[in-house]
Amino acid sequence: MNFSDLYSQKILEIAGAARQMPRLESPDGTARKVSRICGSAIEVDLVLDDGKVTAYGADVSACALGQTSAAIVASHIIGATPEELRTLRETMTAMLKADGPPPTGRWDDLKYLEPVRGYPARQASTLLVFEAVVGALEQAGA
């Protein structure tokens, strides 16, 4: 596998179409995660109401892979429960590090990141948004 497999047209499309998610003024939880390997950084804010994410903001300074995972999360996180998001982090970690299957349902587009499995140095930036979201959930007490 080579880098052109890793940075597929679909990955570049998703990263390129990512919309900015402005930071929230009064989040229930905030977390910042940085990859020591590549320096990518993601800071997320979220608001929970009735056991679901009702608002989300993020500051993403990451490579195309980190931008792609962050863009997919931003597109689908509203309405997600803390349990769903923790399971998503576990599923993504297993997909990249233990040959697990990709997420399904509303998270189906994360399958495009499956080739990252073959590049351990790229896994941290791909997983940053999931770590940050779970960190924000923990800060929010959810």
Side-chain angles (χ1 to χ4, degrees), residues 1-48 51-142:
M1 186 182 290
N2 60 40
F3 269 139
S4 63
D5 296 327
L6 187 58
Y7 294 98
S8 68
Q9 188 60 39
K10 190 66 176 172
I11 294 283
L12 297 175
E13 282 174 22
I14 293 169
R19 59 190 207 277
Q20 288 297 327
M21 299 297 295
R23 301 291 305 278
L24 304 179
E25 286 194 28
S26 301
D28 293 327
T30 297
R32 177 178 169 82
K33 297 293 178 180
V34 179
S35 168
R36 286 174 293 180
I37 295 170
C38 67
S40 289
I42 295 179
E43 192 163 6
V44 303
D45 303 318
L46 49 81
V47 173
L48 294 156
K52 294 185 176 176
V53 175
T54 57
Y56 177 76
D59 182 23
V60 179
S61 176
C63 66
L65 299 171
Q67 288 176 26
T68 299
S69 56
I72 294 167
V73 167
S75 295
H76 301 293
I77 194 168
I78 301 300
T81 64
E83 179 184 7
E84 178 184 357
L85 294 168
R86 285 186 173 93
T87 299
L88 181 62
R89 177 183 67 171
E90 292 168 15
T91 302
M92 283 300 295
T93 301
M95 178 182 88
L96 296 182
K97 297 179 183 264
D99 290 333
T104 57
R106 74 165 120 187
W107 306 107
D108 184 61
D109 279 351
L110 291 166
K111 69 186 175 200
Y112 297 112
L113 292 162
E114 203 167 0
V116 177
R117 173 185 294 151
Y119 297 90
R122 300 283 188 238
Q123 293 170 1
S125 62
T126 305
L127 294 171
L128 272 184
V129 70
F130 306 101
E131 298 297 336
V133 165
V134 170
L137 289 170
E138 288 168 1
Q139 190 192 45

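- At a threshold of 4.5 Å between non-hydrogen side-chain atoms, the residues L113 and M95 count as touching.
- Among residue pairs with one or both ends in residues 8-18, none qualify as salt bridge (charged side-chain N to carboxylate O under 4.0 Å, His left out); sequence neighbours excluded.
- In terms of the salt bridge (Lys or Arg N to Asp or Glu O under 4.0 Å) criterion, residue partners of R23 (sequence neighbours excluded) are, by chain and number, E43, D45.
- Among residue pairs with one or both ends in residues 67-77, none qualify as salt bridge (charged side-chain N to carboxylate O under 4.0 Å, His left out); sequence neighbours excluded.
- Nearest heavy-atom pair, R106 versus I78, reported as atom, atom and distance to 0.1 Å: NH1-O, 3.4 Å.
- Listed here is the closest heavy atom pair of P82 and G51: CD-O, 3.3 Å.
- The salt bridge (charged side-chain N to carboxylate O under 4.0 Å, His left out) pairs that include a residue from residues 71-80 number zero, where partners must be two or more places apart or lie in different chains.
- Closest approach of P101 to T91, counting heavy atoms only: O-CG2, 3.7 Å.
- Within the structure, ring pair (Phe, Tyr, Trp, His ring centres under 6.0 Å) pairs that include any residue of residues 65-92 comprise H76-W107 (at least two apart or interchain).
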What pairs of donor and acceptor atoms, side-chain ones from residues 131-142 against any protein atom, are under 3.5 angstrom apart with sequence neighbours left out?
| residue | atom | partner | partner atom | Å |
| --- | --- | --- | --- | --- |
| E131 | OE1 | R89 | NH1 | 3.1 |
| Q139 | OE1 | T30 | N | 2.5 |

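- A 4.5 Å side-chain heavy-atom check between V53 and L48 finds at least one atom pair inside the cut-off.
- Contacts classified as ring pair (Phe, Tyr, Trp, His ring centres under 6.0 Å) and involving residues 80-103 (residues at least two apart or in different chains) are not found.
- In this view, K52 satisfies the salt bridge (Lys or Arg N to Asp or Glu O under 4.0 Å) rule with no residue, not counting sequence neighbours.
- Looking at R117, its side chain does come within 3.5 Å of a backbone N or O of G100 through a donor-acceptor pair.
- Taking the side-chain contact (heavy atoms from CB on, under 4.5 Å) definition, one finds that V34 meets it with R32, A41, sequence neighbours left out.
- Every residue was checked against the salt bridge (Lys or Arg N to Asp or Glu O under 4.0 Å) condition with E83, not counting sequence neighbours, and none meets it.
- Between atom CD1 of residue I77 and atom CG of residue L46 there is a gap of 6.0 Å, rounded to the nearest 0.5 Å.
- Scored by the salt bridge (Lys or Arg N to Asp or Glu O under 4.0 Å) test, D59 finds no partners at all (sequence neighbours excluded).
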Open item on the list: Please evaluate residues Q123 and V116 with respect to the criterion side-chain contact (heavy atoms from CB on, under 4.5 Å), reporting the C-alpha separation (whole Å), side-chain torsions for both, the decisive distance (0.1 Å), and the verdict.
Closed with: CA-CA 6 Å; Q123 293 170 1; V116 177; 3.8 Å; yes

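- Contact between K111 and P115 at its shortest, heavy atoms only, is O-CD, 4.3 Å.
- Counting all heavy atoms, side chain and backbone alike, V47 lies closest to S26 at CG2-O, 4.0 Å.
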When the side chains of residues 60-75 are checked against the rest of the protein, which donor-acceptor pairs come out under 3.5 Å, sequence neighbours left out?
| residue | atom | partner | partner atom | Å |
| --- | --- | --- | --- | --- |
| Q67 | NE2 | A62 | O | 2.7 |
| T68 | OG1 | I11 | O | 3.1 |
| T68 | OG1 | A64 | O | 2.7 |
| S69 | OG | L65 | O | 3.4 |
| S69 | OG | G66 | O | 3.2 |
| S69 | OG | T126 | O | 2.8 |
| S75 | OG | A71 | O | 3.0 |

